[in-house]
Amino acid sequence: MKWFLGHLDQVAQLMLNHAVLALIPLVVGLLLALPLGWLAKRYRGLYSPLIAGTGLLYTIPSLALFILMPLVLGTGILDPVNVVVALTVYTVALLVRTVADGLGSVPDEVVQAATAMGIGRLRRFWSVELPLAVPVIAAGLRVAAVSNVSIVSVAALLGISQLGSLFTDGFARNFLDPIVVGIGACMVLALAMDLAILLLSRAATPWLRTRVAA
Amino acid sequence: MISFTDVTKVYLGGTTAVGGLSLTAPTGKITVLVGPSGCGKTTSLRMINRMIEPTSGTIEIDGRDTASLNPNELRRGIGYVIQSGGLFPHRTILDNIATVPLLLGWDRAKARTRAHELLERVGLDPVLGKRYPNQLSGGQQQRVGVARALAADPPVMLMDEPFSAVDPVVREQLQDEFLRLQGDLDKTIVFVTHDIDEAMKLGDQVAVMRVGGVLAQLASPAKLLADPHDDFVADFLGRDRGYRALAFAEAPELPLRDEPVVLLGSTVALAAETAAGDRWVLVVDDAGAPLGWSEPERLSGLIDRDHLHRGGTVARIGGSLRAALDAALSSPSRRGVLVADDGRLVGTVRAQDVLSAIERRPAGAVA
Amino acid sequence: MNLLWTWLSNPENWQGSSGIPVRVAEHLAYSAATLFLAALVGIPLGLWIGHTGRGRVAVVNLVNGVRSVPTLGLLFAAVLVVGPLLGGDIAFLVPSIFVLVLLAIPPILAGAYAGVEGVDPGARDAARGMGMSSMEILFRVEVPCALPLIFSGLRSAALQVVATATLAASVSLGGLGRFLIDGQAYRDYGQMAGGALLVAVLAVLVDLVFAGVQRLVVSPGLSPIRSARRVRTRAQLAANPT
């Protein structure tokens, strides 16, 4: 506790880095997963290859992916971009399936009713299918957010500065306090992101709330 | 014989599902429990094999109190068929059917032979035996469900809406085959349904239940239609009760008329001559089975199947008054076609003759 | 890219007690021991929860909770706390395996639980109605039907363990992580990239092995491909009724 109070600034700075490294991939990953998931749902033949392909990406261990990224991107090993791109890959891998299944969970009658009213395909996607798929997509997003926070800390082994640096520092100095503080901060961050997504998804689906209230 | 004596089931929270039910399901007969949802019919059924334990009262099978038996052994001796089929998705059709024999310790070969036999008995192609449930249609799965319940040849069968998840055409087929099967097997069956027509068709006796698990009336279908105990039963039975009751009244000797016929493929000229001034002439096949009515004036050339009027129903001789009357009413010539058991034409009957036969029955008669 | 190939194609790296085959074997040993222990705890517990319906809320919270714990931090903390109590090689091995097991239990538990929970209630009801005992229902109906999800739990646990076992090298254990950590220390990018590639390939291979075993063990009646075929045959039946 004493260590924590004495290093508040440092922990806050690391937490901010950590949050940025975890958040950017989440947003970019979601934006990429939406069209891919739509394709997988729209063209049934694409579903299996897309899901299997992205699933394969998910099998690559995070530390390995961080290290292999420079080969693909031409970046330096210490470049945080490696972490951001690698996590984006994981996020996409996780979310393509969720988006496809979420869109698939929209009742057929609703889509057909929208079509019968003359709502165009793109507009139908934005105004009908996507909003109704929000609960499922948000659930996947929460999983991705929480695991991203945990994975980011691994990048400390490569010397990329974030909350994971507290683990490596503490371990190198045989000093438990920073490690415990790091674990706590990571969990707080994960919880905060989880909660934020939950609240956003609730705000985006007011019709679900009224049903609960009734 | 299964007998309920003052059986009550009160669920946690105080809902009474079954209230003081007493009834007897006679050996070798089909007893149907029917009623609106919440009338406790399924609860009553499931208390027989102790899937649900009664709060009070006794249920006896052939004089033995079920509460005194080991529940699993009791269940192994009772066939059980449910609405969704409840087939085991990880086992082949044959293995599904062989489940209870294997539980009872039969050897594998004997259990498989038995399963094969039953597969055919319920009208399924033996090649289906090696398939898995998810490769079968809903109707086929339901047949497997019945075969599985019959596998150890239990004297008692419990059936919980077994045919309600399939479409009407298949349901009709399954019901007919079920009756045919029961004709051979004479099981003691308790059958739950919410469909009054199914109850009337299948039941030797029908127990109409009202919400709260109270027996409103227990009687044969004909008696129910002729004499509903109260407004609830009458409403539940629905319209056209007088007409539907005729289905349970065996037709007496009806005054038959010879009907001039022509063979399929005859010339229209021959048909017109046979009709001898009448508008309609009956067409039969080589075996003498009626095919349909034909109107020679409006045709030329040869009479083929496309020319036949198929509106008329065909009644079996010795069948019900309802079938005979319907045959007459639905025939374009107003003459109802009656056939023998082998499908051959016997003669025709007019609606007024059927009606006078109905009139001649004693008042309040019940089949 | 060149550095990677130079390292991989150097025969020296394939020999001796710190060569690639030995590291692969170590990596597999850690992973297998972890999975075995995690399955020993997770599967029975998951089956019990699914069968009795007790403790569902606890499962969900446990799975979510463990997911939010940063593995690396937990590993370091475990080694620092438990290590001094043990001494020797075991000082690093035991806490590492412990953390890996902790990580692997939730997916296995959740898979077993969800598998049993998801068994068609009709099949369960029919089994009871036929006179199967509670244990017969569990082992003859629920477990076989739950196998696809039990396997998917095991597979995601296996992926996670193979990936995370890499971190064991950072607390001076063996395994493929050694190449990543040592490469980092010696500024040898070829070794790092080679090790990373090997871990990735190993993860995919392990998953394939599990997929193969799953194919052998799980009843074909449970595979979704068959139901697709059923839909097709149904469509055909509808097209030309017999």
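From a predicted model like this one, the values you see are computed outputs, not experimental measurements. Quick note on labels: first sequence line is chain A, next is B, and so on, each numbered from 1.
- Scanning residues 147-163 of chain C against chain A with a 4.5 Å non-hydrogen threshold yields C:Leu159, C:Ala163, sorted by number.
- Closest non-hydrogen pair, C:Gly73 versus A:Ile179, comes out as O-CG2, 3.3 Å.
- Residue pairs meeting the side chain to side chain donor-acceptor pair (under 3.5 Å) criterion with at least one partner in residues 133-144 of chain A, sequence neighbours excluded, are A:Arg142-A:Asp194.
- Looking at A:Pro178, there are no atoms closer than 4.5 Å to chain C (heavy atoms on both sides), in backbone or side chain.
- Put simply, of A:Leu166, A:Val180, A:Val143, A:Leu191, the one with the most heavy-atom pairs under 4.5 Å next to chain C is A:Val143.
- Within residues 197-206 of chain C, the residues that have a heavy atom under 4.5 Å from a heavy atom of chain A are C:Leu197, C:Val199, C:Ala200, C:Ala203, C:Val204, listed by number.
- When heavy atoms are compared at a cutoff of 4.5 Å, A:Phe175 approaches chain C solely by way of its backbone atoms N, CA, C and O.
- Residue pairs meeting the side chain to side chain donor-acceptor pair (under 3.5 Å) criterion with at least one partner in residues 165-174 of chain A, sequence neighbours excluded, are absent.
- There is no contact between A:Val152 and chain C, counting heavy-atom distances below 4.5 Å.
- The number of heavy atoms from other shown groups lying within 6.0 Å of CG (C:Asn61) is above 12.
- Both the backbone and the side chain of A:Ile67 come within contact range of chain C, each with at least one heavy atom under 4.5 Å from a heavy atom of that chain.
- Proximity of A:Leu176 to C:Val81: side-chain heavy atoms (C-beta onward) are separated by under 4.5 Å at one or more points.
- Chain C forms the most heavy-atom pairs under 4.5 Å with one residue out of A:Ala190, A:Pro70, A:Ser62, and that residue is A:Pro70.
- Atoms CG and CG, on C:Leu180 and A:Leu63 in that order, are 5.0 Å from each other to the nearest 0.5 Å.
- Side-chain atoms of C:Met192 and A:Leu68, non-hydrogen and from C-beta on, never get closer than 4.5 Å to each other.
- Ring orientation note: the planes of C:Phe76 and A:Phe171 are close to parallel, at an angle under 30° on the 30°/60° scale.
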Trace of the side chain to side chain contact (heavy atoms under 4.5 Å, CB included) decision for A:Met187 with C:Val69: CA-CA 6 Å; A:Met187 290 177 75; C:Val69 180; 3.8 Å; yes
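- Distance check: C:Leu72 CG to A:Leu157 CG gives 5.0 Å after rounding to the nearest 0.5 Å.
- For A:Ala64, the parts sitting under 4.5 Å from any heavy atom of chain C are the backbone and the side chain alike.
- Rounded to the nearest 0.5 angstrom, C:Leu80 CG and A:Phe167 CZ are separated by 12.0 Å.
- Interface residue A:Val154: backbone and side-chain heavy atoms are both found under 4.5 Å from chain C.
- Here the closest heavy-atom approach between residue A:Gly159 and residue C:Gln184 is recorded as N-NE2, 4.2 Å.
- For chain C, the nearby parts of A:Leu158 are the backbone and the side chain; heavy atoms of each come within less than 4.5 Å.
- Interface check for chain A: of the options C:Pro70, C:Ser68, C:Gly65, the most heavy-atom pairs under 4.5 Å are formed by C:Pro70.
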